[in-house]
Amino acid sequence: LSLQPGETKTYIYVLGYCENPADQKWESQGVVNKAPAKALMEAFATEAQADAALDHLKEYWSQLLGKFHVESDYTEMNRMVNVWNQYQCMVTFNMSRSASYFESGIGRGMGFRDSCQDLFGFVHLIPEKARQRIIDIASTQMEDGSAYHQYQPLTKRGNSDIGSGFNDDPLWLIAAVAAYIKETGDYSILEESVPFDNKEETAVPLMEHLRRSFNFTVTHRGPHKLPLIGRADWNDCLNLNCFSNEPGESFQTTGPSEGPVAESVFIAAMFVKYGKEYAMLCQRQGLDKEADDALAQVDDMYQTILTAGWDGEWFVRAYDAYENKVGSHECEDGKIFIEPQGFCVLAGVGIKEGHANKALASVEKILDTERAGYAYFYPRGGGNRQEFFISTTPENMANFLGSHFYDAEKMIITDMVDRLILDTYGGFINTCPDQKLCSEIIPYLAPIQMGEKEAGEILMVTREESDMYFAAEDQAVTMAECQMM
């Protein structure tokens with residue numbers, strides 16, 4: 001391409017896909033029928049046509065994303081909440097966290113649990129499609145209330161080849177329906193006729209599907225009266241009933257998914273939270289006795305968590321196939337898991353007893369990454385902010401601050417979840433909420449500031465380098481999981 005001074009040229013690139021009917025595939029022997037492709041290209045042949053198509057696309061997204069809008073003093077947060085988070089939720093609706101076709105082909109399909117959870121993010125954007133997604137998901141449920149763990153979006157049928165028996169799945173259907181009704185007020189969905197396992201002769205109102213989801217947990221409890229975990233719960237890799245003899249065997253298909261012993265505290269918390277939602281739906285349907293019975297079951301599970309699921313300072317994760325605790329101070333490894341702490345608190349378990357605060361404090365004390373965070377350097381006299389992933393030991397932070405004593409407008413260091421560790425005015429510490437930590441930094445920092453010593457080696461990398469590293473880690477994990485499928 002050669003341009004004269006002041007000259008402009010416009011090129012339009014079209015990437016598209018056309019599918020010919022079987023009887024219109026060929027123009028002549030061995031020559032593909034290109035008429036549909038040519039018609040598509042002609043629709044965007046001029047600048048005016050291309051601009052009109054882009055305007056139409058902008059209008060589509062403006063209307064879609066305009067249904068939820070936040071205004072705050074933070075431009076970045078406004079952009080994230082109003083645009084990117086909702087956009088990602090729409091991508092999630094289309095893909096439902098399905099593994100990439102490049103990695104695993106079409107074998108996996110869309111997750112039952114995943115699709116129910118994802119609905120929370122897009123129900124306000126596309127309520128009509130959310131309604132249909134619920135019907136599609138419920139249509140793959142089994143008559144006993146259990147569920148395929150994945151289903152194929154093209155056939156809308158359950159995928160048994162990839163494994164099943166994840167005992168948290170049924171309760172997510174209650175969660176999805178409750179979220180849909182709260183957003184839309186459309187109680188008519190409960191009367192929608194929906195089959196089991198896509199067998200039309202088994203069709204019943206959706207409310208019956210929720211009833212069987214609820215009762216599946218009621219009738220599948222172990223020796224401690226906690227819900228049986230099955231193949232696993234929300235943590236797909238907590239396979240307490242699956243024992244493999246050969247390397248490379250898939251955790252989703254190896255061994256039995258059933259087991260009369262292994263139990264999940266996570267599912268118990270789910271039952272408390274979504275059991276209340278189910279009781280609410282019963283009440284709105286005039287099923288008062290059923291609602292009362294459901295709440296009685298919820299209360300019984302609540303008490304079971306307190307007796308069998310509380311470890312003294314945090315919630316137990318599960319019991320294995322030998323009735324041993326998982327995620328307990330009694331364990332040599334894996335003493336605490338984050339999932340039951342979060343979900344028990346979400347369900348309101350242990351709040352009035354003081355357990356909830358203890359559990360979250362234990363998470364911060366034991367699981368919080370204290371020795372790594374992010375450092376932000378603002379050059380004196382202007383210039384772009386520089387970001388680093390940094391070791392947050394007192395000595396290392398002192399070296400970082402001291403190395404920029406003369407050239408910093410300000411510096412900020414946070415932990416991994418963006419909580420402030422310290423900030424500076426120039427090269428001097430301005431705010432440090434943890435005074436004990438501040439007193440540990442000063443002995444390293446003061447000699448550097450006074451010119452008595454040079455700043456030592458700083459353990460840090462750029463934010464870009466750290467993000468690339470973590471992205472590579474995620475990719476490696478994804479590939480390993482796909483190879484196990």
Side-chain angles (χ1 to χ4, degrees), residues 13-19 40 43-44 50-72 74-140 147-157 159 169 172-186 189 192 206 234 236 467 471 474-475 478 481-482:
Y13 293 87
V14 178
L15 179 65
Y17 170 82
C18 294
E19 188 166 333
L40 179 63
F44 306 103
D51 289 341
L54 289 173
D55 289 341
H56 177 73
L57 182 64
K58 291 176 184 177
E59 180 62 22
Y60 167 80
W61 280 107
S62 295
Q63 290 187 7
L64 189 63
L65 303 182
K67 296 179 181 179
F68 181 83
H69 189 78
V70 168
E71 287 290 344
S72 75
Y74 300 96
T75 302
E76 293 85 356
M77 188 180 84
N78 295 341
R79 187 180 300 124
M80 179 60 69
V81 174
N82 296 332
V83 180
W84 291 113
N85 186 61
Q86 295 192 89
Y87 177 82
Q88 291 287 359
C89 287
M90 284 303 302
V91 173
T92 300
F93 165 74
N94 290 316
M95 299 297 293
S96 194
R97 284 179 278 173
S98 179
S100 165
Y101 287 164
F102 291 103
E103 294 172 336
S104 65
I106 63 172
R108 184 182 185 277
M110 294 167 65
F112 186 100
R113 172 207 302 143
D114 296 343
S115 298
C116 289
Q117 291 176 342
D118 295 341
L119 185 135
F120 284 61
F122 59 72
V123 62
H124 67 289
L125 297 170
I126 46 172
E128 299 84 2
K129 292 182 178 179
R131 190 184 200 276
Q132 186 58 52
R133 176 61 55 82
I134 288 173
I135 302 304
D136 292 345
I137 296 168
S139 297
T140 68
Y148 289 100
H149 198 49
Q150 285 97 18
Y151 75 100
Q152 290 292 348
L154 297 179
T155 64
K156 298 184 179 180
R157 294 185 176 276
N159 186 0
D169 281 341
W172 290 115
L173 183 60
I174 296 175
V177 174
Y180 169 79
I181 291 176
K182 287 178 183 179
E183 183 67 35
T184 65
D186 177 19
I189 192 173
E192 185 80 21
L206 179 62
W234 187 82
D236 281 335
D467 288 348
D474 290 343
Q475 185 179 29
T478 300
E481 289 179 344
C482 289

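- What you find for P127 and T184 is that their closest heavy atoms are CB-CG2, 3.7 Å.
- Residues satisfying the salt bridge (charged side-chain N to carboxylate O under 4.0 Å, His left out) criterion with D467, sequence neighbours excluded, are R463.
- Side chains of I135 and I189 form a contact here, defined as non-hydrogen atoms less than 4.5 Å apart.
- Side chain of Q86 to main chain of F68: a donor-acceptor pair is present (N/O by atom type, distance under 3.5 Å, no hydrogens or angles).
- A pairwise comparison of heavy atoms in L119 and A130 identifies CD1-O, 3.5 Å as the closest pair.
- Shown here are the side-chain hydrogen bond (donor to acceptor under 3.5 Å, both in side chains) partners of H56, two or more places apart in sequence or in another chain: there are none.
- Taking NZ of K58 as the reference point, atom CD of Q63 lies at 15.0 Å (rounded to 0.5 Å).
- Between Y148 and D169 there is no side-chain heavy-atom pair separated by less than 4.5 Å.
- H149 is listed as a side-chain neighbour of D236, based on a closest heavy-atom distance under 4.5 Å.
- Residues that satisfy the side-chain hydrogen bond (donor to acceptor under 3.5 Å, both in side chains) test with D136, not counting sequence neighbours, are Q132, K156.
- Taking F93 as the reference, F122 meet the ring-ring contact (aromatic ring centres under 6.0 Å, His included) condition, with sequence neighbours excluded.
- One distance of note links CD of Q152 with OG1 of T140; it measures 11.5 Å at 0.5 Å rounding.
- The minimum heavy-atom distance between L125 and L64, with the atom names listed, is CD2-O, 3.2 Å.
- By the side-chain hydrogen bond (donor to acceptor under 3.5 Å, both in side chains) test, Y151 is found to be paired with no residue, residues two or more places apart in sequence or in another chain being considered.
- When all heavy atoms of L65 and Y87 are compared, the closest pair comes out as CD2-N, 4.2 Å.
- Atoms CE and CG, on M110 and N159 in that order, are 12.5 Å from each other to the nearest 0.5 Å.
- When all heavy atoms are compared, the tightest approach of S115 to R133 is CB-CD, 4.4 Å.
- Among all heavy-atom pairs drawn from L40 and F44, the shortest one is O-CD1, 3.3 Å.
- Between the side chain of N85 and the main chain of M80, no donor-acceptor pair closer than 3.5 Å is present.
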Might you work through the side chain to side chain contact (heavy atoms under 4.5 Å, CB included) test for F112 and L173, ending with a clear yes or no? CA-CA 8 Å; F112 186 100; L173 183 60; 4.3 Å; yes
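- D186 and Y180 share a donor-acceptor pair across their side chains, judged by distance under 3.5 Å alone.
- Listed by chain and number, the residues in a side-chain hydrogen bond (donor to acceptor under 3.5 Å, both in side chains) with T75 amount to none (sequence neighbours excluded).
- Here the straight-line distance linking atom OG of S139 with atom CD1 of I134 works out to 11.5 Å at 0.5 Å rounding.
- Put simply, CZ on R131 and CD1 on I181 are 9.5 Å apart, with the number rounded to the nearest 0.5 Å.
- Heavy atoms of other residues, nucleotides or ligands lying less than 6.0 angstrom from CH2 of W61 number more than 12.
- In this structure, the separation between CH2 on W234 and CG on D114 is 10.0 Å, given to the nearest 0.5 Å.
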Checking side chain to side chain contact (heavy atoms under 4.5 Å, CB included) for the pair M90/I126: CA distance, chi angles, key distance, verdict? CA-CA 9 Å; M90 284 303 302; I126 46 172; 3.8 Å; yes
